[in-house]
Engineer: 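Below are the structure tokens for one structure; questions will follow.
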Amino acid sequence: MAFARTLRMAAAAAICAALAACLPKTDTVADNVPRGADKVILVGSFEITPSIPQSLNNNKRVAAPLERALFGSPEELVGNRLVTGFLPYGTRVTKTIYSSPLKGTTHSVPLDDLFFIEVDRSAIELQPGQYFLSDVGVDAIRLPGGFVTATHPTAQVVYVGTVRYQRDDFYAITDVRVIDRYSQAAAQARRLYGPNVTIAKSLWRRGR
Amino acid sequence: MNLLRSFFLFLGLTILSACSTGQEITDFSDRSVGYVWVNLDDARGNKVVGGSFRNLQRPANQSFFSAGARKLGDGYLLYHIGLPMGPTKLSTVDSMFCVGLCGNTINVYDFGAQGGDVAAMNIRSRGVHDFGSYAIISQSNGLFRPGSFEVRRTRGPSRRQVLEFLLEDAGDDQRALIQAALNRL
């Protein structure tokens with residue numbers, strides 16, 4: 001009996017761990033600059049203009065409180081956040097019925113704030129993103145990706161710019177621009193990682 | 001026995017009340033009538049059993065408006081008599097296959113929150129608004145991928161036909177508004 005209970009708990013823990021692995025990472029400020037030469041910190045931000053009102057915490061399903069306890073609240077996961085990925089350029093993301101597009105190097109990045117995310121020191125491609133309008137069903141809009149940054153051969157931190165998504169009344173993205181706010185980002189990076197941190201600028205460019 | 005029957009009645013009412021969403025509209029002074037006509041000849045299902053409009057200016061939990069669905073000509077008219085101002089679009093069309101009795105599958109054609117190309121308009125003044133006439137075309141994507149659909153504009157009933165139909169069908173709350181629209185034709 002005790003063995004069966006232990007087995008059940010282990011199975012539940014395994015399922016929870018597997019599900020949690022599919023969730024995007026919400027911690028988007030790296031604690032330290034990377035020690036290895038093969039890693040670099042990307043700095044940048046995202047904006048949607050005009051901003052979009054969300055209505056979260058409206059999921060009234062019976063399992064909703066349990067999901068919140070295990071994985072966090074919708075506010076923490078997607079509240080005014082863009083879910084996207086930063087993958088080495090050329091990585092093929094294959095979506096099958098067995099895999100989620102959220103699996104892998106996926107981050108939930110707060111809009112309008114700077115992110116400091118550690119990535120491989122290689123050309124990085126911004127993946128298409130999602131902005132969740134609510135937590136009932138899959139109620140999201142898609143934001144285009146496809147921007148590429150070359151990063152930098154030696155700098156510890158690379159600034160990639162602010163991606164500004166302009167939308168119309170029907171949430172269709174009508175324009176995407178990369179805004180250069182290097183001085184603000186560099187100041188913030190020095191506050192976080194010290195005055196001697198090496199910072200380079202390699203703004204997002206449209207990939208081929 | 002009576003106690004058991006009362007319990008099940010209470011349980012049923014509780015479940016049904018949990019299904020209801022939204023608030024009753026009592027003031028129609030700033031509300032519009034919106035309609036869209038759909039044809040299902042090339043779609044899964046042969047009867048529209050429901051649908052919804054979505055207002056994109058409101059937070060998502062207050063943005064959906066369940067539409068009435070009625071057979072009109074060789075398609076179905078979906079309408080709502082209490083649409084608020086702001087960008088609004090057809091959100092879903094629900095169909096079933098019925099020959100006398102209906103099957104157990106509801107096909108939900110979801111137009112998504114994003115994009116204003118299909119059955120969408122920005123309601124800037126009170127009136128009776130035509131969201132267009134569309135044919136829904138179902139597409140099969142094989143066994144392991146969900147089905148999809150596309151829509152194309154089609155010829156539906158005339159505005160006069162629709163307004164006369166709504167005048168009969170839509171109740172009293174917006175009768176004057178519909179009659180005024182009809183008088184302008």
Side-chain angles (χ1 to χ4, degrees), chain A residues 46 48-65 73-75 77-84 93-101 111 128-145 165-176, chain B residues 11 14-23 34 36 52-66 83-92 94 106 108-125 129 131-132 141-148 151:
Chain A
F46 297 101
I48 299 176
T49 180
S51 60
I52 300 175
Q54 289 178 301
S55 62
L56 300 174
N57 297 306
N58 288 301
N59 192 341
K60 303 287 190 290
R61 285 188 298 126
V62 177
S73 71
E75 195 64 50
L77 286 171
V78 294
N80 200 35
R81 285 168 168 270
L82 167 69
V83 177
T84 187
V93 180
T94 309
K95 187 181 166 190
T96 72
I97 56 172
Y98 301 110
S99 74
S100 153
L111 292 177
Q130 282 186 303
Y131 180 81
F132 286 80
L133 303 169
S134 74
D135 59 329
V136 181
V138 180
D139 191 17
I141 62 166
R142 290 182 67 81
L143 300 160
Y165 297 103
Q166 185 80 38
R167 70 167 178 95
D168 67 9
D169 288 335
F170 295 94
Y171 302 153
I173 303 303
T174 53
D175 189 32
V176 188
Chain B
L11 194 69
T14 308
I15 291 169
L16 283 177
S17 66
C19 294
S20 70
T21 55
Q23 291 176 325
V36 62
S52 60
F53 290 92
R54 183 170 190 171
N55 178 290
L56 299 178
Q57 216 163 42
R58 299 177 154 217
N61 60 337
Q62 300 163 25
S63 64
F64 291 95
F65 295 83
S66 292
L83 294 177
M85 303 291 176
T88 306
K89 65 183 291 188
L90 179 66
S91 179
T92 55
D94 308 338
I106 299 177
V108 179
Y109 297 96
D110 190 336
F111 291 78
Q114 199 168 16
D117 297 336
V118 177
M121 69 162 58
N122 199 342
I123 300 177
R124 297 179 197 276
S125 62
H129 300 289
F131 283 72
N141 295 320
L143 202 57
F144 297 105
R145 293 179 65 194
S148 57
V151 290

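The chains referred to below are lettered A, B, ... by the order of the sequence lines, with proteins before strands, and numbering in each begins at 1.
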Engineer: Working to the nearest 0.5 Å, report the span between CZ of B:R54 and CG of A:D139.
Structural biologist: 4.0 Å
Engineer: Can you list the residues that meet the salt bridge (Lys or Arg N to Asp or Glu O under 4.0 Å) rule with B:D117, with sequence neighbours excluded?
Structural biologist: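 So B:D117 forms no salt bridge (Lys or Arg N to Asp or Glu O under 4.0 Å) with any residue.
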Engineer: Please classify the contact between B:Q57 and chain A as side chain, backbone, both or neither, with a heavy-atom cut-off of under 4.5 Å.
Structural biologist: backbone
Engineer: Mind checking what makes side chain to side chain contact (heavy atoms under 4.5 Å, CB included) contact with A:P50, not counting sequence neighbours?
Structural biologist: A:Q166, A:R167
Engineer: Roughly how far apart are B:M121 CE and A:D169 CG, rounded to 0.5 Å?
Structural biologist: 13.0 Å
Engineer: Mind listing the closest non-hydrogen atom pair of A:Y171 and B:A113 along with its distance?
Structural biologist: CD1-O, 3.5 Å
Engineer: Heavy-atom distance under 4.5 Å to chain A: side chain of B:T88, backbone, both or neither?
Structural biologist: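 For B:T88, the contact with chain A is made by the backbone alone.
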